Amino acid sequence: MEETLHDGHGHYDAEASKIGMWLFIFTELLLFGGLFIIYSVYRFLNPDAFHLAAGELDVTVGATNTVILLVSSMTIAMSTSALRYKNKKLTLGLIGITLLLALGFLINKYFEWGLKFEHGIWPGSEHLVNDMSQGEILFFGLYFVMTGLHALHIIIGMVIMSVAAVRILKGTVYAERAAMLDNAGLYWHLVDLIWIFLFPLFYLIT
Amino acid sequence: MTNSNAANDVSYLEYQGKYKGLLSWILSTDHKRIGLMYLYSMGVMFSIGVLLGLAMKFELLAPGKTIMSAELYNATFTVHGVIMIFMIVVPGLPAVFGNLMMPIMIGAKDVAFPKLNLMSWYLYVTGVVLVLIALLTGRGLPDTGWTFYAPYSFKTGTNMLPAIFGAFVLGFSSILTGLNFLVTIHRMRCPGLKWSKLPLFVWTLYGTAWIQLLATPVVGITLVLVALERVFGIGVFDPALGGDPVLYQHLFWIYSHPAVYIMILPAMGAISEIIPTFSQKAIFGYKAIIASTMAIAFVGYLVWGHHMYTAGMSGTAQYYFSLLTFIVAIPSAIKVFNWISTMYKGSINVQTPFYWAIAFIFVFMIGGLSGLVLGSLATNIYVHDTAFVVAHFHFIVFGGTGFAFFAAMHYWFPKIFGRMYDKKWANTGLLIFFIGFMTLYSPMFVLGMQGMPRRYYDYLEQFHSGNILSTFGSWILVTGLVIIIVNLIRSARSGPKAEMNPWGSKTLEWTVPSPPPLENFNEIPTYDENEGPYNYK
Amino acid sequence: MSEEKNHIVPYRVYILVLLALIALTFSSIGITSIELREYTVAAALIFASIKSFLVLTYFMHLKYDKPYIRAMVGFVFAIFVVVIIITFLDYLYRT
Amino acid sequence: MYSSEITQASNFVKGVDSTFVLILGIAFFFLIALTVVMLYFVFRYNKKRNPKPTQIEGSVSLEIVWTVIPFILTMVMFYFGWAGYKPMRNAPKDAMEVTVYGRMWNFSFEYGNGMRTDTLYLPKDKPVKLNLKALDVIHSLYIPAFRVKQDMVPGMKNNTMWFKPQREGEFELFCAEYCGLQHSYMYTSVVVMPDSAFNNWYSDTAQVVASANVESPAVSGRRIMQNIGCFACHSTDGSKLVGPSFKGIWGHTQLVQTGREEREIIVDEDYIRKSVYDPNADIADGFNKGLMLSYEGQLSDEDVNLIIEYLKTLK
Ligand code: HEA
Ligand code: HEA
Ligand code: CUA
Ligand SMILES: [Cu+2]
């Protein structure tokens with residue numbers, strides 16, 4: 001859909017597409033905002049259960065993923081500079097690294113979720129519903145929804161960055177028409193931004 | 001860009017580009033064609049909504065079963081509410097008149113992202129189709145009311161999923177339209193058209209777009225959670241799993257209260273265009289109206305809890321929400337005072353759109369003032385979830401937004417279709433419509449005070465007379481509606497050709513031919529220091 | 001648009017920001033592992049806020065953008081915080 | 001207005017109605033005044049009468065006036081609304097307590113002595129506190145004549161309301177929150193009687209409950225079912241409501257769904273008992289799961305026996 005964020009009529013207004021992207025980011029922030037409201041209310045109502053449940057999550061895995069995302073955020077930011085320095089190869093290389101890091105994040109997540117599933121914890125699972133307290137059910141429900149939605153955003157971000165890379169390769173995105181890459185970058189930073197809050201809320205506050 | 005091309009010699013209605021026939025519409029990225037497509041698709045949905053409304057009134061004509069079962073009645077008000085709210089009045093004025101007129105009013109050739117604009121329309125249609133799927137497939141029609149309250153919404157055995165998903169997609173369409181308009185208003189105003197010279201309709205679209213952008217995602221995620229709850233039983237709102245049903249209501253109203261201002265702001269904007277035009281006079285208190293628009297948009301975001309006074313909130317929250325609800329009424333009052341003052345010492349040319357505008361002010365006042373009864377805690381406890389609320393929101397949603405929609409329709413009609421309607425029929429239709437409206441909804445206030453709860457399929461004998469009157473009104477109303485719509489459809493086909501500026505208005509859309517050419521302007525206009533949208537000197 | 005070109009952010013800035021972010025991440029892990037009871041949440045959120053501030057200003061270029069974009073971002077965050085506070089007017093005071 | 005007929009039916013009527021009158025007064029004043037002014041302008045400054053408009057851009061002092069006056073008025077309305085509502089929040093300590101169960105689609109009331117009824121009987125002039133328990137979805141207890149309403153939210157703690165009836169008679173009690181198919185049939189009444197009459201009733205009926213077996217078991221069974229509300233969903237005349245009809249149920253063969261598999265059973269004591277305590281274990285063919293809730297803890301074994309006796313009589 002980022003494609004369509006670009007003017008079809010041929011005239012180029014970098015600022016218009018930039019604020020378009022920002023406005024879109026606002027809606028994404030509020031989408032997660034709704035979940036953060038739910039999280040904070042339930043945390044307030046069930047402090048002990050949340051404490052307990054958060055202990056089940058592995059801080060190391062979470063921290064690794066945080067670092068991966070932060071680094072990838074830097075590489076995509078650098079790529080926008082590289083594009084402006086007219087260094088096409090470096091730009092593409094940096095986007096490539098970002099994509100690899102994103103993939104790494106997903107793989108990590110896959111194993112993390114997989115481990116939970118092995119322990120019999122998934123939305124609506126019998127173990128969860130029968131053996132755990134209500135607070136824990138809520139915690140894991142939110143955990144799966146929020147990290148799942150976040151992972152979905154990672155995938156969307158990867159698609160957008162790939163499109164940008166192809167465009168750069170084809171030469172339709174270049175130093176003077178960088179908006180597409182800038183927007184891909186902005187979107188990727190949004191994904192990072194959300195993780196910056198998810199990480200402490202789920203892994204750290206134990 | 002002064003390449004005065006062939007495209008601009010014909011109007012947008014006749015222009016044939018790459019594609020012909022229907023394709024030239026559904027693939028068009030022209031803001032005016034998209035606006036018309038919204039008008040037509042909403043017209044279809046609206047007819048369905050009206051028929052469902054009539055069916056409900058028919059059922060309520062007498063206690064006990066009249067024409068349908070309780071099951072069907074519950075589905076009827078749900079679908080009626082979903083259609084009217086999510087498909088008609090929330091997208092209504094922005095998607096139709098915002099698209100048709102806003103770019104011309106700011107001197108632009110199109111919106112900022114035309115393709116995205118077309119995509120919004122496709123999303124709209126997708127949402128509509130999804131809701132229709134919910135009606136036609138599965139067992140059991142959706143029956144939760146348009147509010148989808150948990151836990152009923154995931155307990156009921158009926159076909160809720162497509163309906164919830166449809167509402168979600170419609171929300172997304174609305175977000176993208178808002179985004180598009182915001183960028184357009186920021187970036188595409190013609191030279192010299194400063195913020196302080198924007199027509200008020202554009203200002204209200206701007207405020208509306210912000211609410212669409214910031215409120216809609218919240219209901220989006222909430223609906224997704226209800227769907228997940230149904231499918232996986234994740235336990236976010238299910239009390240059996242520790243969830244709090246009241247939290248669902250918070251999230252729902254965080255969107256849906258601002259949504260009522262999404263409905264009314266553009267309506268107020270349209271009225272703010274019509275009144276100065278027909279009074280031939282500058283709008284009274286231009287800046288105050290802008291300030292009140294922004295105040296409504298902003299404060300309206302913070303008062304959602306007045307729908308939940310009886311839901312078991314804390315006293316602190318009740319106190320706060322009631323207080324802010326009263327504060328948000330003040331900007332509306334300011335607007336009413338300014339509109340009426342604009343008429344003072346004007347030279348009023350009483351035409352159909354102006355009649356609609358004063359009818360709007362009248363019913364809007366009734367709707368708004370009854371909102372004060374609801375905003376006050378003591379009285380809300382008494383009439384919450386009764387016919388009184390139903391009367392309030394029909395007066396203000398349908399009386400406000402609906403009347404403004406027809407006002408705008410009759411105002412911009414000559415510009416959109418290049419033809420004029422039959423004014424006599426238009427005025428007759430309005431008169432009947434107005435009488436029907438008052439007869440239909442006024443008794444509901446009384447029914448509410450007698451204690452008749454809403455969403456009631458059947459009622460006790462003491463509520464009978466009010467309901468008879470009300471049902472009777474619905475027939476008058478529809479007679480008026482049919483006259484109005486038939487008149488408009490006939491005139492769009494074969495009415496007399498309209499002039500460029502039949503009402504003597506000063507905003508930019510009246511400086512281009514009727515109907516406008518494909519790219520609106522041959523040359524982008526410029527505004528100089530002394531010009532303004534309401535400069536009738 | 002010309003103004004845009006003038007603002008090519010040097011790689012060095014990004015690297016420094018990244019280092020700061022990683023440092024903050026580990027300090028937040030550190031601080032939450034000590035027993036601070038109710039302040040744990042506050043501490044973690046303060047660190048997250050500083051981190052997001054850095055991401056917004058440098059990675060997302062707000063520092064180099066026109067002020068009105070910054071104002072919009074501030075407004076959106078503010079309104080979100082206000083909505084949370086209002087929601088808690090209910091939950092904090094329920095009997 | 002409604003209130004005039006039954007003035008002061010409860011201690012809250014005054015606060016609510018005076019707020020109502022105040023707001024309606026202000027509303028009618030503005031509605032009429034503004035409409036008259038508007039119509040006068042349309043008439044006086046018509047194009048024919050006033051061909052040349054006078055341009056007026058606005059007036060700061062007027063804007064201030066019509067911001068400040070509505071502000072003051074709204075604050076007055078807000079204050080009265082709050083003042084009229086505030087007493088509803090705090091029940092007096094000595095209030096009589098009644099537990100109300102709301103379920104699809106009936107109310108039942110449980111008194112201190114364990115007695116259960118489907119109608120709310122109350123003594124006049126004694127504050128009463130209702131403890132609200134919703135068993136399935138949200139309902140709302142609404143007594144228009146008393147001006148009180150409170151949602152019954154499943155799982156909510158401290159879900160209560162209180163009032164003091166001040167007038168004898170019978171008043172309607174509605175469910176005001178949409179709760180599904182038979183929402184509009186979820187109503188009953190409040191009967192307010194003098195203290196002495198209430199006390200009589202209270203001890204009297206308790207006796208009947210204790211010596212229920214004096215009646216024939218089938219009659220007691222029917223009364224229990226009436227009070228707990230089985231007939232909201234089940235008919236006895238063969239017509240299909242939410243659940244299967246009880247007509248001819250005893251001994252008849254029924255196709256049911258158990259888990260994923262379908263099987264045929266014969267309706268006997270065990271099956272009925274199971275249907276009452278664990279209704280979702282076997283789902284009668286053609287009906288929805290999850291609608292009927294377990295009556296575990298609400299109906300004793302004894303009660304169910306009586307119900308079974310009654311069901312046997314429905315040929
Ligand atoms: C277009 C949509 C729209 C608009 C603009 C409004 C405007 C207002 N609404 Fe309404 N409302 C709805 C649509 C709308 N509403 C809907 C759809 C529902 C029901 C939802 C559902 O449950 O299904 C609802 C329900 C609703 C409730 C909840 C009722 C309940 O369920 O218990 C409340 C309670 O406070 C309320 C209050 C108000 C107030 C105070 C205003 C104010 O903004 C009104 C301001 C206007 C005026 C005040 C009139 C003009 C001014 C004057 C004439 C000057 C004099 C004024 C003064 C002295 C103050 N509304
Ligand atoms: C825009 C909103 C809108 C409109 C126009 C209407 C129109 C009508 N409504 Fe209603 N109604 C709702 C929104 C609306 N409704 C909502 C949200 C609910 C609550 C649902 C729920 O409880 O969940 C409700 C509920 C509701 C009930 C209560 C159900 C109950 O509680 O038991 C009843 C009862 O009779 C009713 C009747 C009618 C009738 C007879 C009409 C019509 O037949 C009147 C005919 C209308 C017109 C003649 C023209 C109006 C013109 C416009 C709006 C602009 C046109 C725009 C385009 C063409 C693009 N509606
Ligand atoms: Cu119970 Cu409506
Ligand atoms: Cu509201």
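Convention: sequence-line order gives letters A, B, ...; per-chain numbering from 1. Keep in mind the model is a prediction, meaning the values are calculated, not measured.
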Check your understanding: If every non-hydrogen atom of B/P453 is compared with every non-hydrogen atom of D/Y142, which pair is closest and at what distance?
Key -> CG-CD2, 4.3 Å

Review point. Using non-hydrogen atoms only, which part of B/S292 is less than 4.5 Å away from chain D: side chain, backbone, both, or neither?
Key: neither

Practice item. Would you check if B/F337 and D/P70 make a side-chain contact, meaning some heavy-atom pair closer than 4.5 Å? Key: yes

Point to revise | Region of B/I381 in contact with chain D, defined by heavy-atom distances below 4.5 Å | key: both

Check your understanding: Stepwise, does the ring pair (Phe, Tyr, Trp, His ring centres under 6.0 Å) test hold for D/F78 with B/Y319?
Key -> CA-CA 9 Å; D/F78 162 71; B/Y319 184 93; 5.1 Å; yes

Check your understanding: Quick one: what part of B/V373 sits under 4.5 Å from any heavy atom of chain D, side chain, backbone, both or neither?
Key -> both

Review point. Out of B/Y456, B/Y73, B/F77, B/Y149, which one pairs with D/Y178 under the ring pair (Phe, Tyr, Trp, His ring centres under 6.0 Å) rule?
Key: B/F77

Review point. Mind checking whether B/L460 and D/Y187 have side chains closer than 4.5 Å, heavy atoms only?
Key: yes

Exercise for review: Examine the side chains of D/D151 and B/T310 and answer whether a donor and an acceptor come within less than 3.5 Å of each other.
Suggested key: yes

**Study point:** Proximal component of B/V336, with respect to chain D [non-hydrogen, under 4.5 Å]
**Key:** side chain

Point to revise | Plane angle bin for B/Y344 and D/Y45 - parallel if under 30°, tilted between 30 and 60°, otherwise perpendicular | key: perpendicular

Check your understanding: Given a strict heavy-atom distance threshold of 4.5 Å, which part of B/F354 is in contact with chain D: side chain, backbone, both, or neither?
Key -> side chain

Exercise for review: Side chain from CB out, backbone as N, CA, C, O: work out which of these in B/S279 comes under 4.5 Å of a heavy atom of chain D, or both, or neither.
Suggested key: backbone

Practice item. Can you tell which part of B/A75 gets under 4.5 Å to a heavy atom of chain D, answering side chain, backbone, both or neither? Key: neither

Check your understanding: Of the non-hydrogen atoms in D/P51 and B/S347, which two are nearest, and what is the gap between them?
Key -> O-OG, 3.2 Å

Practice item. Please work out which of the three classes, parallel, tilted or perpendicular, describes the rings of D/W66 and B/F284, given edges at 30° and 60°. Key: tilted

Practice item. Measure the CD-CD distance between B/Q450 and D/E172 for me, rounded to the nearest 0.5 Å. Key: 10.0 Å

Review point. Considering only heavy atoms, which portion of D/T160 lies under 4.5 Å from any heavy atom of chain B: side chain, backbone, both, or neither?
Key: neither

Check your understanding: By a 4.5 Å heavy-atom criterion (distance strictly below it), what part of D/N46 contacts chain B: side chain, backbone, both, or neither?
Key -> both

**Study point:** Minimum heavy-atom distance between D/R89 and B/Q318, given as atom pair plus value
**Key:** NH1-OE1, 2.7 Å

Point to revise | Residue B/I283 versus chain D: region with a heavy atom under 4.5 Å | key: backbone

Exercise for review: Find out whether D/H183 and B/N74 are in side-chain contact, i.e. whether some heavy atom of one side chain is under 4.5 Å from a heavy atom of the other.
Suggested key: no

Check your understanding: Given side chains that start at C-beta, do those of B/T379 and D/R147 come closer than 4.5 Å, heavy atoms only?
Key -> no

Revision key, fill the gap. Turns out that what part of D/M77 lies under 4.5 Å from chain B's heavy atoms comes down to both

Review point. Taking all atoms of both residues into account, what is the closest heavy-atom pair of B/D385 and D/E177, and its distance?
Key: OD2-OE1, 3.1 Å

Review point. With only heavy atoms counted, which part of B/S314 is less than 4.5 Å from chain D, the side chain, the backbone, both or neither?
Key: backbone

Exercise for review: Kindly indicate whether the side chain of B/N338, heavy atoms from C-beta on, has any atom under 4.5 Å from the side chain of D/E63.
Suggested key: yes

Study note, to complete from the structure: Turns out that what part of D/I143 lies under 4.5 Å from chain B's heavy atoms comes down to neither

